[in-house]
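Beneath this line is the structure, given in structure tokens, with notes to follow.
Worth knowing before you read on, the calculation uses all heavy atoms, side chains too, and leaves out hydrogens, waters and symmetry mates.
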Amino acid sequence: MRTAVFKSYKKGYFTFWFENGEELVFEEVHPRVLKQYDLKNDKSYIDQEFRITFVEDYEDDDAVIYRVESLKPIQ
């Protein structure tokens, strides 16, 4: 798990900024995560810090898709 701040959801992409200054854009979020945290519509999650677990999926053409597997808010 890493620490990241949720920054935006735009045009099907979820953007998080990590503690080391890295920005990652996720194409997919596990459905159970979206059921728990409506990142697409609930603006209150913007700028909220989370513990995040994600995976990298490699496609046939060597493209990488990042998918959020779990989120836990840090309070």
| Quick one: does E49's side chain have a donor or acceptor within less than 3.5 Å of a partner on I74's backbone? | no
| request: Find out if a path of hydrophobic residues (ILVMFWY) with successive side-chain heavy-atom gaps under 4.5 Å connects V29 to L24. | output: yes
| message | Working to the nearest 0.5 angstrom, can you tell me the gap between Y37 OH and F50 CZ? | response | 6.5 Å
| query | So, for A4 and I52, which heavy atoms are closest and what is the spacing to 0.1 Å? | reply | CB-CG2, 3.9 Å
| side chain to side chain contact (heavy atoms under 4.5 Å, CB included) between N20 and R2: does it pass, once the steps are laid out? | CA-CA 10 Å; N20 64 358; R2 292 176 59 190; 3.6 Å; yes
| query | Any chain of hydrophobic side-chain contacts (each under 4.5 Å) joining V5 to Y66? | reply | no
| task | Consider only side-chain heavy atoms of I, L, V, M, F, W and Y, link residues closer than 4.5 Å, and tell whether V64 and V25 are in one cluster. | result | no
| note | dist F6:CZ -> Q48:CD (nearest 0.5 Å) comes out at 10.0 Å
| query | So among L39, T53, L34, which one has a side-chain contact (heavy atoms from CB on, under 4.5 Å) with L71? | reply | L39
| In Å and rounded to the nearest 0.5 Å, what is the CG to CD distance from D57 to E27? | 9.5 Å
| said: Rounded at 0.5 Å granularity, tell me how far OG1 in T3 sits from CE in M1. | reply: 9.0 Å
| remark: From the list F16, Y13, F14, ring-ring contact (aromatic ring centres under 6.0 Å, His included) with F26 holds only for F16
| note | So OH of Y9 and CD1 of I46: to nearest 0.5 Å the spacing works out to 12.5 Å
| note | Heavy-atom nearest pair, R32 first then E69, reads NH1-O, 2.8 Å
